[in-house]
Amino acid sequence: RPRDWSSDVCSSDLAFEAAHDDYSAIMLKALAARLAEAFAEKPEVNVQRRARENSGLVREDYFDWLRAARDIAGAADRPNLAVIMVGSNDRQVFREAGAPVELRSARWQQLYGERVEAITRIFNDRKIPLVWVGLPIMKNDRFSADMAAFNEIFKERASRAGTTFIDAWEPFLDDRGLYAAYGPDVNGQFQKLRAGDGVHFTRAGARKLAFFLEAEIRRAMDGARPKVDLEVAALAAQQAPAAPRSEEHTSELQSRGLI
């Protein structure tokens with residue numbers, strides 16, 4: 001039976017929605033919406049959102065993303081490509097035999113890495129290309145340090161599995177390499193890119209991140225079936241080198257002032 005993905009809304013996300021800032025309700029929902037916008041001219045592309053607020057890979061008792069990934073990958077209408085973004089809710093301890101495993105300890109990183117690798121294996125086994133989106137820099141320094149550490153785990157485990165990793169860190173830095181709430185949008189215009197909480201994206205920010213994903217998705221589409229369903233799986237609310245870009249894509253980024 002298909003899982004109901006739309007019924008769970010947390011109080012913090014409701015606060016954004018009450019302020020009519022639905023693009024900040026959850027990072028992956030915002031990204032999925034902007035991907036749909038980016039591919040609006042291609043009716044054969046169907047961007048589906050699979051999100052669960054306040055979830056992540058640590059608390060399987062709250063929501064089991066391994067099971068959800070198996071449901072998505074094993075469905076009769078499974079996607080031709082999946083995009084995953086996870087981790088902003090994972091700043092908490094694991095529990096092993098009732099005892100806490102402290103955040104970012106060696107054992108914590110091992111357990112977390114194993115769950116990341118398990119997700120990649122589920123899609124690999126079904127021959128579904130997977131794009132893993134890293135986490136962006138955050139306004140709070142300690143929060144950012146944790147996100148950077150998580151990105152290293154994502155990048156390393158994705159590399160083992162042959163999964164594409166997309167850097168979401170560099171596009172949201174200022175010229176000093178620090179957190180930037182404002183910056184160039186996809187058209188090179190100076191815009192607010194991050195929400196007031198220093199975590200989520202504005203509409204312009206989500207569209208900018210989607211821009212960096214488009215090249216990977218279009219490459220995947222080249223060898224896909226005529227009908228392409230792009231599953232966007234949000235494995236949470238929501239620094240690695242950027243993925244290699246083609247000369248054409250690099251030129252477009254430069255013309256828009258994005259690099």
Side-chain angles (χ1 to χ4, degrees), residues 23 26-51 69 72-73 75 77-86 119-120 122-124 126-136 151 154-155 158-159 161-172 183-189 191 193 201-235 238-259:
Y23 300 99
I26 182 173
M27 284 193 274
L28 209 289
K29 281 185 177 178
L31 177 57
R34 303 287 62 79
L35 280 175
E37 181 181 273
F39 288 98
E41 81 286 359
K42 292 186 174 291
E44 71 274 17
V45 177
N46 176 26
V47 179
Q48 299 181 6
R49 289 182 289 180
R50 297 289 183 262
I72 292 170
D77 60 345
R78 62 181 176 269
N80 298 107
L81 180 142
V83 177
I84 295 179
M85 192 177 192
V86 61
I119 293 283
T120 65
I122 287 167
F123 289 98
N124 281 349
R126 292 286 183 169
K127 310 295 189 216
I128 299 171
L130 179 63
V131 177
W132 200 294
V133 182
L135 294 160
N151 280 342
F154 300 147
K155 181 180 68 169
S159 176
T163 295
T164 298
F165 179 85
I166 297 292
D167 175 33
W169 193 275
E170 185 178 354
F172 298 97
D185 65 8
V186 294
N187 297 311
Q189 301 299 309
Q191 298 281 355
L193 304 176
F201 296 115
T202 63
R203 176 174 180 167
R207 182 64 188 87
K208 181 173 181 175
L209 181 55
F211 179 83
F212 285 87
L213 271 170
E214 287 174 40
E216 290 298 333
I217 292 172
R218 291 183 190 279
R219 275 197 284 271
M221 287 170 56
D222 288 342
R225 298 191 297 271
K227 182 180 185 301
V228 181
D229 291 333
L230 302 182
E231 288 282 4
V232 180
L235 305 191
Q238 98 161 248
Q239 168 166 55
R245 307 185 183 105
S246 66
E247 291 183 6
E248 180 181 357
H249 190 217
T250 298
S251 176
E252 183 176 0
L253 289 172
Q254 290 172 336
S255 70
R256 297 188 185 199
L258 295 176
I259 60 173

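Just so it is clear, the structure is predicted and the values come from calculations on it, not from any experiment.
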**Residues in side chain to side chain contact (heavy atoms under 4.5 Å, CB included) contact with A73, at least two apart in sequence or another chain** = I122, F123, R126, I128
**Asked** So, for G134 and A168, which heavy atoms are closest and what is the spacing to 0.1 Å?
**Response** O-CB, 3.2 Å
**Message:** Distance check, rounded to the nearest 0.5 Å: T202 atom OG1 versus L193 atom CG?
**Reply:** 5.5 Å
**Item:** Non-neighbouring partners of E214 that pass side chain to side chain contact (heavy atoms under 4.5 Å, CB included), sequence neighbours left out
**Value:** A38, F39, R207, F211, R218
**Prompt:** Looking only at atom types and distance, does a side-chain atom of D167 sit under 3.5 Å from a main-chain N or O of W169, one as donor and one as acceptor?
**Reply:** yes
**Asked** Are F165 and W132 close enough that their ring centres sit under 6.0 Å apart?
**Response** no
**Asked** Got a second to check how far L213's CG is from M85's CE, nearest 0.5 Å?
**Response** 8.5 Å
**Complete:** When every non-hydrogen atom of A206 is compared with those of F201, the smallest separation belongs to N-CB, 3.6 Å
**Request:** Measure from NZ or CZ of K208 to the centre of the six-membered ring of F172 and say whether it is under 6.0 Å with the direction within 45° of the ring axis.
**Result:** yes
**Request:** Indicate yes or no for a side-chain donor-acceptor contact from D185 to the backbone of Q191 under 3.5 Å, with no hydrogens or angles considered.
**Result:** no
**Request:** Would you mind reporting whether I72 and P79 have side-chain heavy atoms less than 4.5 Å apart?
**Result:** yes
**Fill in**
Residue set satisfying side chain to side chain contact (heavy atoms under 4.5 Å, CB included) with A161, at least two apart, ordered chain then number -> T120, N124, T163
**Asked** Is the shortest heavy-atom distance from the side chain of V133 to the side chain of F154 under 4.5 Å?
**Response** no
**Prompt:** Taking C-beta and beyond as the side chain, do I166 and V131 meet within less than 4.5 Å on heavy atoms?
**Reply:** yes
